[in-house]
Amino acid sequence: MKRLYLIGGPMGVGKTAACRELQSRLERSAFLDGDWCWDMRPFQVTAETKRMVMDNICCLLNNFLRCSAVDHVIFCWVMHRREILDELLSRLDTGDCAVYPVSLVCTAAALKARLEGDIRVGRRTPDVVERSLGYLPLYGALDTEKIDVSALSPAETAAEILRRAGV
């Protein structure tokens, strides 16, 4: 049976790094970061671009789910509202697939420190701090497995995801 790992969390929490580590530990795995489906200049959030991004994500994830060469599909994105997860799951062919929705969370102080480190090296712009901190409490309301990554490395986070998924 295939496994689909849906890894959510606010910007800067460490989703991409943890998913890269997760992919390195899983044979026959594919990884998609939802941000890759929205990599546009200028970045615009409109009804049209939101539809396009969800279409892109669902197309790629369904292709991975149908591919016989892939056993583990890893997806990460800022999935801070139940509607995002619901729409995603309603459009994916998960009939022969175990789904593991996970939210990576951390303390506000840890998130701010991570984001400030990214800003210092030019990976992010300063406006991300307030937006990301605003998303953090929204993950508590989701029906997902919560992993506090405040003191975890990407390798430790990946190991915890696998442990909780029974892999």
Side-chain angles (χ1 to χ4, degrees), residues 1-39 43 45 53 57 60-61 64-65 70-89 92 94 97-167:
M1 176 176 283
K2 284 193 191 267
R3 293 173 181 261
L4 172 61
Y5 306 84
L6 299 174
I7 312 299
M11 292 89 59
V13 77
K15 296 180 302 293
T16 302
C19 287
R20 282 277 180 221
E21 182 65 32
L22 189 58
Q23 184 183 28
S24 76
R25 294 170 182 237
L26 294 168
E27 293 293 320
R28 298 170 45 94
S29 61
F31 169 47
L32 174 65
D33 186 324
D35 289 345
W36 301 337
C37 297
W38 204 333
D39 191 357
F43 178 76
V45 180
V53 170
I57 288 168
L60 288 168
L61 287 177
F64 286 138
L65 290 170
V70 175
D71 292 332
H72 302 272
V73 180
I74 305 158
F75 173 68
C76 73
W77 201 26
V78 176
M79 295 179 279
H80 59 294
R81 292 190 333 266
R82 183 73 227 173
E83 304 85 63
I84 296 169
L85 284 165
D86 289 346
E87 181 177 357
L88 187 63
L89 289 169
L92 296 179
T94 59
C97 183
V99 180
Y100 299 97
V102 174
S103 293
L104 302 184
V105 296
C106 63
T107 65
L111 184 57
K112 187 174 182 186
R114 290 175 185 210
L115 290 166
E116 288 172 346
D118 286 351
I119 292 165
R120 274 193 301 279
V121 297
R123 204 174 293 136
R124 297 185 190 274
T125 56
D127 64 303
V128 75
V129 176
E130 287 306 313
R131 283 186 295 124
S132 190
L133 288 171
Y135 287 171
L136 187 57
L138 301 176
Y139 288 91
L142 297 178
D143 184 23
T144 58
E145 188 80 25
K146 312 296 185 297
I147 300 176
D148 186 334
V149 298
S150 299
L152 298 182
S153 69
E156 292 167 325
T157 301
E160 183 62 15
I161 292 167
L162 292 174
R163 186 188 72 74
R164 293 190 189 196
V167 177

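In this text, all values refer to a predicted model and were calculated from it rather than measured experimentally.
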Working note: Val53 + Trp77, criterion side chain to side chain contact (heavy atoms under 4.5 Å, CB included); need CA distance, chi angles, decisive distance, verdict.
CA-CA 11 Å; Val53 170; Trp77 201 26; 3.6 Å; yes

Looking at [X] and [Y], would you say the former's side chain and the latter's main chain have a donor-acceptor pair under 3.5 Å?
X      : Y      : answer
Tyr139 : Gly9   : yes
Lys146 : Thr144 : yes
Glu116 : Ala113 : no
Lys15  : Pro10  : yes
Ser153 : Glu156 : yes
Arg124 : Val129 : no
Thr157 : Ala18  : no
Ser29  : Val73  : no

Would a 4.5 Å heavy-atom cut-off, applied to side chains only, mark [X] and [Y] as touching?
X      : Y      : result
Val99  : Leu92  : no
Leu6   : Leu89  : yes
Ile7   : Phe75  : no
Leu111 : Met11  : no
Cys37  : Leu60  : yes
Asp143 : Pro101 : no
Leu104 : Val102 : yes
Glu27  : Asp71  : no

Nearest 0.5 angstrom please: [X] [atom1] to [Y] [atom2], how far?
X      : Y      : atom1 : atom2 : result
Glu160 : Leu22  : CD    : CG    : 12.0 Å
Ile57  : Asp33  : CD1   : CG    : 9.0 Å
Met1   : Cys97  : CE    : SG    : 7.5 Å
Cys106 : Leu152 : SG    : CG    : 10.0 Å
Met79  : Ser103 : CE    : OG    : 7.5 Å
Glu83  : Leu88  : CD    : CG    : 13.0 Å

Take Leu32 and Phe64, measure what side chain to side chain contact (heavy atoms under 4.5 Å, CB included) needs, and give me the verdict at the end.
CA-CA 9 Å; Leu32 174 65; Phe64 286 138; 4.3 Å; yes

Please walk me through it: do Asp127 and Arg131 pass salt bridge (Lys or Arg N to Asp or Glu O under 4.0 Å)?
CA-CA 7 Å; Asp127 64 303; Arg131 283 186 295 124; 3.2 Å; yes

Restricting to non-hydrogen atoms, name the atom on [X] and the atom on [Y] that form the minimum distance, rounded to 0.1 Å.
X      : Y      : value
Ser132 : Leu115 : CB-CD1, 3.6 Å
Ile74  : Leu26  : CD1-CD1, 4.1 Å
Cys19  : Phe31  : CB-CE1, 3.3 Å

Start with the C-alpha distance between Tyr135 and Leu138, add both sets of side-chain angles, then the distance that settles side chain to side chain contact (heavy atoms under 4.5 Å, CB included), and finish with yes or no.
CA-CA 5 Å; Tyr135 287 171; Leu138 301 176; 4.2 Å; yes

Taking only residues two or more places apart in sequence or in another chain, which ones pass side chain to side chain contact (heavy atoms under 4.5 Å, CB included) with Arg25?
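Counting only residues at least two positions away or on another chain, Arg25 forms a side chain to side chain contact (heavy atoms under 4.5 Å, CB included) with Glu21, Ala155, Ala158, Ala159, Leu162.
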
Any chance the side chains of Tyr5 and His72 put a donor and an acceptor closer than 3.5 Å?
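Yes - a donor-acceptor pair under 3.5 Å links their side chains.
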
